[in-house]
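What follows is one structure encoded as structure tokens, with my remarks underneath.
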2 protein chains.
Amino acid sequence: MQTANAALNSHAAPSAALLRGTPLARSAPEASALGSFRRLAKDEEVFVEGDRAAFFYKVQSGAVRTFKLLSDGRRQIDAFHLPGDIFGIEPGEEHRFSAEAVGDATVISYRRSNLNAETKDAGDIPNEMIPAVLLSLVRAQNHMLLLGRKNAVEKIASFLLDLSGRTANTDQIDLPMSRTDIADHLGLTIETVSRSLTQLERQGTIELPAHRRCIVLRNKPALERLDM
Amino acid sequence: MQTANAALNSHAAPSAALLRGTPLARSAPEASALGSFRRLAKDEEVFVEGDRAAFFYKVQSGAVRTFKLLSDGRRQIDAFHLPGDIFGIEPGEEHRFSAEAVGDATVISYRRSNLNAETKDAGDIPNEMIPAVLLSLVRAQNHMLLLGRKNAVEKIASFLLDLSGRTANTDQIDLPMSRTDIADHLGLTIETVSRSLTQLERQGTIELPAHRRCIVLRNKPALERLDM
DNA sequence: CGATGTTTTGAAAGACTTCAAGACAGGTGG
DNA sequence: CCACCTGTCTTGAAGTCTTTCAAAACATCG
């Protein structure tokens with residue numbers, strides 16, 4: 001079970017500017033000064049549910065998925081973390097998720113205990129990390145609505161819009177993750193993801209080029225109507 | 001749209017002890033010193049999505065539901081808040097949920113701006129409120145697994161165990177909420193909730209007395225096996 | 001004891017999943 | 001440069017679970 005953290009050799013405190021900005025602003029990747037790099041191969045573990053939460057992380061390149069498993073292997077990916085995103089902050093001593101690289105990725109790890117002790121509060125979460133926690137919460141709350149009350153096509157539409165807003169300036173999305181990952185994020189099966197994408201393509205809302213990891217948004221208003 | 005907040009006349013700062021304790025500890029209801037009371041009738045609104053988040057709240061008696069709606073009326077109840085629970089804390093200026101009393105209830109409202117200014121951090125969330133935010137996050141994350149990957153009976157089992165852990169010392173649960181509320185919390189329909197309860201009763205895992213708002217847990221280990 | 005709102009149950013329909021096969025892209029080696 | 005291999009993605013058909021529509025049962029309360 002213990003794996004990932006052993007590979008870390010971080011000993012520096014993170015920059016105070018780590019999480020500056022508006023509550024929901026993502027700090028830019030280049031703003032991360034101190035902390036140790038870690039290069040991850042596709043599907044490599046960063047930490048496993050139950051590990052001691054000695055570090056938290058910021059994605060520098062690639063993408064990371066955090067997820068929980070049921071005993072029979074069913075998986076729920078609570079979030080994909082893109083460059084600039086922070087993940088692995090825990091209220092308690094242990095990680096309550098597992099984290100893996102979606103594709104090849106690099107992350108910066110920060111030793112939790114190295115943060116200024118006096119900035120710590122009752123929750124044992126330093127002030128600088130609170131915006132990241134709040135962002136997680138907002139996303140989790142929106143995602144509950146998606147998981148509980150949207151149908152397959154609506155889930156896909158919301159997902160594409162979210163990803164588009166977080167990554168692309170254009171209407172072209174380069175998916176870092178597989179259909180299986182998308183399915184486990186949206187509470188669907190891989191086949192339903194595929195069929196929903198096909199359906200959106202047939203009605204001209206999106207375009208699915210030959211390269212399967214790419215999706216072009218052809219009719220954003222139509223997607224937005226599905227997202228309300 | 002604007003409604004609830006107008007009825008408030010709070011002007012006192014909340015106790016510093018408002019949120020003392022371990023990160024996930026719920027502060028006891030009686031620990032809430034300052035802040036103004038508000039008595040709520042069944043289904044009465046506390047605030048509506050989009051309202052200015054001038055206050056946050058602590059439940060003193062009864063229960064409160066917070067929820068989001070899709071444009072066609074589909075509802076996702078993200079959480080039920082029981083005595084001692086805090087709700088309505090927002091990262092931004094607006095409430096991102098609506099809140100209503102499940103049955104008759106009383107809450108204490110705290111004016112957000114009255115908190116010590118110097119304790120505020122980048123996220124505009126005072127330190128004292130962080131444990132409540134963290135608790136919300138943990139619950140939201142667990143709930144995503146439930147919504148995305150559990151079947152109806154498993155959802156009900158998890159829900160009953162959660163409620164049992166939060167309210168009862170006995171194996172008897174007095175539900176504050178209707179089947180409709182449960183359905184909208186678990187991403188099911190009222191009929192499926194009812195059928196799942198019946199199924200659990202038939203296999204002897206729970207008991208459903210004539211008083212429909214009461215459920216007796218007859219076989220907690222069986223429920224826990226469904227919850228893994 | 002009847003009126004009302006809630007909950008349960010039944011039957012049919014629908015959405016999504018499962019199982020299975022086929023299509024395709026990208027990489028490897030000839 | 002092409003054939004083949006491999007992993008991923010798509011599509012089809014059948015099955016399952018949940019929803020929808022409808023009605024009956026039940027508790028609560030005046």
Side-chain angles (χ1 to χ4, degrees), chain A residues 41-43 65 70 72-76 102-104 146-157 159-160 173-203 206-216 226, chain B residues 41-43 65 70 72-76 102-104 146-157 159-160 173-203 206-216 226:
Chain A
K42 179 165 141 64
D43 297 327
R65 59 179 170 254
L70 292 176
D72 63 355
R74 279 173 287 176
R75 183 177 70 157
Q76 177 64 39
V102 170
D104 292 352
L146 178 149
L147 291 171
R149 286 299 179 221
K150 292 184 185 175
N151 65 32
V153 171
E154 291 169 338
K155 285 177 177 180
I156 294 288
F159 174 70
L160 293 178
I173 302 175
D174 280 296
L175 299 174
M177 72 291 284
S178 69
R179 300 289 192 261
T180 302
D181 282 337
I182 297 173
D184 285 351
H185 183 49
L186 302 182
L188 299 170
T189 59
I190 173 179
E191 294 94 333
T192 301
V193 169
S194 182
R195 277 186 257 264
S196 302
L197 286 170
T198 301
Q199 183 179 331
L200 286 171
E201 182 178 40
R202 269 197 277 254
Q203 62 195 44
I206 63 172
E207 189 183 327
L208 298 169
H211 177 39
R212 287 338 207 298
R213 291 297 178 89
C214 177
I215 295 180
V216 183
L226 288 168
Chain B
K42 178 165 144 63
D43 297 326
R65 60 180 170 254
L70 292 176
D72 63 356
R74 280 174 286 176
R75 183 178 69 158
Q76 177 64 40
V102 170
D104 292 352
L146 177 149
L147 291 171
R149 285 299 179 221
K150 291 184 184 176
N151 65 33
V153 171
E154 293 169 337
K155 285 178 177 179
I156 294 288
F159 174 70
L160 293 178
I173 302 175
D174 279 296
L175 300 173
M177 73 290 286
S178 69
R179 299 289 191 263
T180 302
D181 282 336
I182 297 173
D184 285 351
H185 183 48
L186 301 182
L188 298 171
T189 60
I190 173 179
E191 295 94 332
T192 302
V193 169
S194 181
R195 277 186 257 264
S196 301
L197 286 169
T198 302
Q199 182 179 332
L200 286 170
E201 182 178 41
R202 269 198 276 253
Q203 61 195 45
I206 63 173
E207 190 183 327
L208 299 169
H211 178 38
R212 285 339 208 295
R213 291 296 177 90
C214 177
I215 295 179
V216 184
L226 288 168

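- Side chain of B:K42 to main chain of B:D104: no donor-acceptor pair is present (N/O by atom type, distance under 3.5 Å, no hydrogens or angles).
- Between the side chain of B:D174 and the backbone N or O of B:C214, no donor-acceptor pair lies under 3.5 Å.
- Applying the salt bridge (charged side-chain N to carboxylate O under 4.0 Å, His left out) test to every pair with at least one member in residues 181-193 of chain B, sequence neighbours left out, gives these pairs: A:R149-B:D184, B:R65-B:D181, B:R75-B:D181, B:R75-B:D184.
- When the side-chain contact (heavy atoms from CB on, under 4.5 Å) test is applied to A:I190, the partners found at least two apart in sequence or on another chain are A:R179, A:T180.
- A sub-4.0 Å separation between OP1 or OP2 of C:dT7 and a side-chain N or O of B:R213 is present.
- Side chains of B:L226 and B:L200 form a contact here, defined as non-hydrogen atoms less than 4.5 Å apart.
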Using the 3.5 Å cut-off, write out each protein N or O paired with an N or O of nucleotides 10-12 of chain C and the distance between them.
unit_1, atom_1, unit_2, atom_2, d
C:dG10, N7, B:R195, NH1, 2.9
C:dG10, O6, B:R195, NH2, 3.4
C:dA11, N6, B:R195, NH2, 3.4

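- Pairing each heavy atom of A:L188 with each of A:A152, the nearest pair is CD2-CB, 4.0 Å.
- Remark: B:S194 pairs with no residue by the side chain to side chain donor-acceptor pair (under 3.5 Å) rule, at least two apart or across chains.
- Annotation: side chain to side chain donor-acceptor pair (under 3.5 Å) contacts of A:E201 (sequence neighbours excluded): none.
- Of all the heavy atoms in B:L70 and A:K150, the pair that sits closest is CD2-CE, 3.8 Å.
- Every residue was checked against the side-chain contact (heavy atoms from CB on, under 4.5 Å) condition with B:A210, not counting sequence neighbours, and none meets it.
- Nearest nucleotide to the side chain of A:T198, out of C:dC16, D:dT18, D:dT11: D:dT11.
- B:R75 places its CZ atom 15 Å from the P atom of D:dT19, with the value rounded to the nearest Å.
- To the nearest angstrom, P of D:dT10 lies 6 Å from CG of A:L197.
- Screening A:I215, A:T198, A:V216 for a side chain to side chain contact (heavy atoms under 4.5 Å, CB included) with A:I206, the sole residue that qualifies is A:I215.
- We find that CD of B:E201 is positioned 9 Å from P of C:dT8, with the value rounded to whole Å.
- Between B:L147 atom CG and D:dC17 atom C1' the separation is 17 Å, expressed in whole Å.
- Here B:S178 pairs with nothing under the side chain to side chain donor-acceptor pair (under 3.5 Å) rule; sequence neighbours left out.
- Contact check of residues 181-189 of chain B against DNA chain D (heavy atom, cut-off under 4.0 Å) returns B:G187, B:L188, B:T189.
- With B:Q76 contributing its side chain and B:H185 its backbone, the two residues share a donor-acceptor pair below 3.5 Å.
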Identify all pairs in which a protein N or O lies below 3.5 Å from an N or O of nucleotides 26-30 of chain D, and state each distance.
unit_1, atom_1, unit_2, atom_2, d
D:dT28, OP1, B:H211, ND1, 3.0

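- If you take CG of B:L208 and P of C:dT9, they are 9 Å apart, rounded to a whole angstrom.
- Distance CZ (A:R149) to C1' (D:dT20): 13 Å, rounded to an integer number of Å.
- Counting to the nearest Å, the C1' atom of D:dC17 and the CG atom of A:N151 are 16 Å from each other.
- Where the helix from C:dC1-D:dG30 to C:dG30-D:dC1 starts and where it ends, the local axes point in directions that differ by 30°; five pairs per end, rounded to 10°.
- At whole-Å resolution of the value, CZ in B:R74 and C1' in C:dA15 are 13 Å apart.
- Considering only side-chain N and O atoms, A:S194 lies nowhere under 4.0 angstrom from the phosphate OP1 or OP2 of D:dC9.
- Taking A:R213 as the reference, nothing meets the side chain to side chain donor-acceptor pair (under 3.5 Å) condition, with sequence neighbours excluded.
- Residue A:S178 is classed as a sugar-phosphate contact, given heavy-atom separations below 4.0 Å to backbone atoms only.
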